[in-house]
Amino acid sequence: MFSPASLLSLSSLYVLLVLLSCFYGGVSSVPTKVGKGYRLISAEETSDGGFLGHLQVKQKNNIYGPDIPLLQLYVKHETGDRLRVHITDAEKQRWEVPYNLLPREQPPASKQTIGRSRKNLLTVSELAGSELIFSFTADPFSFAVKRKSNGQILFNSSSGGSDSFGEMVFKDQYLEISTQLPKDASLYGLGENTQPHGIKLYPNDPYTLYTTDVSAINLNTDLYGSHPVYMDLRNVGGEPFAHAVLLLNSNGMDVFYKGNSLTYKIIGGVFDFYFFSGPTPLDVVDQYTSFIGRPAPMPYWSLGFHQCRWGYHNLSVVEDVVENYRKAQIPLDVIWNDDDHMDGHKDFTLNPVNYPRSKLLAFLDKIHNRGMKYIVIIDPGIGVNSSYGVYQRGIANDVFIKYDGEPYLAQVWPGAVNFPDFLNPKTVAWWGDEIRRFHELVPVDGLWIDMNEASNFCSGKCTIPKGKQCPSGTGPGWICCLDCKNITKTRWDDPPYKINASGLQVPIGFKTIATSAVHYNGVLEYDAHSLYGFSQAIATHKALQGLEGKRPFILSRSTYVGSGKYAAHWTGDNKGTWEDLKYSITTVLNFGIFGVPMVGADICGFYPAPTEELCNRWIEVGAFYPFSRDHANYYSPRQELYQWKTVTKSAQNALGMRYKLLPYLYTLNYLAHTSGAPIARPLFFSFPAYKECYGLSTQFLLGSSLMISPVLEEGKTSVKALFPPGSWYSLFDMTQTIVSKGQYFMLDAPLHVVNVHLYQNTILPMQQGGMISKEARMTPFTLLVTFPAGASEAQAKGNLYLDNDELPEMKLGNGYSTYVDLYATLKQGSVKIWSEVQEGKFALDKGWKIEKITVLGLSGSVDTSGLEINGSPVANGASNIELSSMEQMHLQDVEDGVGKKKSLMVELSGLNFYVGKNFDMSMKMGVQG
């Protein structure tokens, strides 16, 4: 949804914001080096196998405030593949990400008496785990993390006399630490921002982390989420090694990446580093999400297509949208309301005129019977209104963030608002009760939590003006109409170091909650700011799960480390431009690394206005986002997919394929929940040794082997796509084969065509699709088996997860789920395909069957007399099974003069295999073994 900072690009606000920045204390010049660092003065082994040390400042200075004189260092190999390095004040407790929000081991309390020292680690100087080695230098103190298997240095905080960065700094409001990096390291992560250079971090681009309501059209700017984690991929002699570094700190920070070094400059908290050893990219996200929380299980319907718009003025418009999708034969699972359904923009209300409850309930009965779902928006700001029950109960329960002992006053869509304090257990209970009350009023199927950075249309300390209406009801609702004064009196509102907030070093309290405002137990907004959306997602998840015991669906704009355990995400306020279409791929891929795999961008763009051609191309990309939703702004022309005949056709093609792939997407959702594996992935996840794809940001994978190569430029009817080595098969035309040595191919891509290719050695489960996931889910299955084209020996694998998607947990063992491993081999002229089923009862009860198997990449001819099923020969004409074959064409690269090769596609239809029961089948090929 719109917000004041989102309305204009930041460049147009430049003069105002720079003036504000100067008013708030000005922009400090940043010295290259701040201080002489620390020395290690003691270290001893702890009873839990870690070690504890004390660091003393070498030479005090007052740049950005006084140094903290004595620090506590705690190091522990928490698992075989995870190392923690924790540095804090040895004498006073400091702010850390609350342990109840992100559960983890507690380091020893400051000044805790340590048991008998077993080793003098000052002479040992390193601590080895099974995968990683921690080592240190005592004076000046620095530390390094090495990979045990090959000695590769992953992190090294020693400046080594370098001019690029200085020694470690630890002050109350300024912490600095750096690491050396090899120039050939490829880094990914450090979001949320819109990265114009693609998925790889780009030297000297700014990376500022501080949750902010700034439109995603602003490049290299701190956006809605804060994810202080990066993945580092290196290729050593052709062998890839990946690891990740998390700095668990919620305070605002600038991260300076210079290519050969990376420097953190943080305005509070502690150094709490976690190192994840990998060594593959999939290992890294497995280890990372094992620590921060596995991605949330999603209901099956959430993988269908969603339609939303800010500006569906009344219920009849929503009804028309649903009906028009149906008439256009475009799949649709979920219809959304922005705040149009609310009474005066107030949360948990209905507009009695435009969305009368009786008519809305009748509409919901109708779509629910069809299998469709309904989701509405909730913003955190609660309207200050003495006749508004939600507000009254909030005041009575004392749930709001405070300033000077009173609820902090801000302005969002309802006008004057207070912000719930989700760090307060009473707030969590009150929020859950309000969601319960609203669900009794309107049985929504999920909640969309927006504006939770938190966004404020005003800045500073505000009061409700006397003698005038605020907002007036005319003109834009995002103009501040409260009486406000800037707050500059505290060091929390005007810290000594200015992070590059909003890309312009604006004050950190600009258009958000004043940073000297106070949360539960005296916690400052200054420290907890970037956790606001995360804490709201946790409270909302708890509330929804408590309603009917169903699996929740939550979409959150603001995210933090661990948000993926509770919510999906969309990339915020983008624009209907070709550039924004391209940027969306990078942001979606980044969130897979962040542990938030259910992610997508507003298809066709939120801000006006996409062209017809752009909307064609955007649905061809968006149909393959993990979260697929068309959403537009109040001032945009209507852009539902049926508004143009050409877009209707492209949507039918692309979404038609998505709905056939739903069992695959749902299995990827299960794998994300159990191992952290992203749904949408960069190509280097499957091809980590193939350096050419390290920076590739215009193509992506779904799972390990399904590649999308979309058109991202205006006027193009072909696309140049990179194909890692191996055989690739077109999903829309399986007779089309690409055999790559690792090269680019020019692919035809007329307006209604998106190129989707399946890699060799894969078994892909598909169904027949449909207009809604509920119906598509009950259609027969097809298995698509891919071997390397023309191979004489090969194998392929796949899997399939099925469950009752209303259950809150996504797991085996509850009687309502089935998991199937799928295998195929090609050997000695024989193709064998079989399944191994775990807990087949659920699938058997549903009656799911495999009716067709298609095998790609074979050579020779099929011997129809050699077909066996479950160990028994199948006589010709004695069953309903039909066997057919078709020649596959191989696309040649322009530069490749090699003669054309051919392979065979074989299709077996009329099968009757129960998904919930093991099967095996084999057939003979007319080829030499």
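Bear in mind that the values here come from a model prediction, so they are computed numbers and not experimental data. When reading the values below, keep in mind they use all heavy atoms of this one structure, side chains included, and skip hydrogens, waters and symmetry mates.
Residue Met778 qualifies as enclosed at atom CE: its count of foreign heavy atoms under 6.0 Å is above 12.
The ring pair (Phe, Tyr, Trp, His ring centres under 6.0 Å) with His631 is formed by just one residue from the set Trp570, Trp448, Trp310, Phe305; it is Trp448.
Among all heavy-atom pairs drawn from Ala537 and Ala567, the shortest one is CB-CB, 4.3 Å. Minimum heavy-atom separation, Ala680 to Pro678: O-CB, 3.4 Å.
Checked for salt-bridge contact, Lys373 and Asp333 miss the test: no charged N lies under 4.0 Å from a carboxylate O.
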Task: Stepwise side chain to side chain contact (heavy atoms under 4.5 Å, CB included) test for Gln652 and Ile330 - done: CA-CA 5 Å; Gln652 289 169 340; Ile330 300 171; 4.2 Å; yes
- [ ] Take Lys550 and Asp805, measure what salt bridge (Lys or Arg N to Asp or Glu O under 4.0 Å) needs, and give me the verdict at the end.
- [x] CA-CA 8 Å; Lys550 289 184 179 180; Asp805 68 314; over 6 Å; no
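A perpendicular orientation is assigned to the rings of His341 and Tyr355, their planes being inclined by more than 60° (bins at 30° and 60°). Phe781 and Trp848 have perpendicular rings, their planes meeting at more than 60° on a 0 to 90° scale where under 30° would count as parallel.
A distance of 11.5 Å separates NZ in Lys542 from CD1 in Ile435, rounded to the nearest 0.5 Å.
For the pair Arg777 and Tyr300, the cation-pi test (distance below 6.0 Å, angle within 45°) is passed. Figure legend: Arg309 and Trp336 shown without cation-pi pairing, the cationic atom not lying both under 6.0 angstrom from the six-membered ring centre and within 45 degrees of its axis.
A centroid separation of 6.0 Å or more is found between the aromatic rings of Tyr666 and Trp301. Taking the six-membered ring where the residue is Trp, the centroids of Phe627 and His306 are separated by under 6.0 Å.
For Tyr670, the ring pair (Phe, Tyr, Trp, His ring centres under 6.0 Å) test picks out Tyr801, Tyr819, with sequence neighbours left out.
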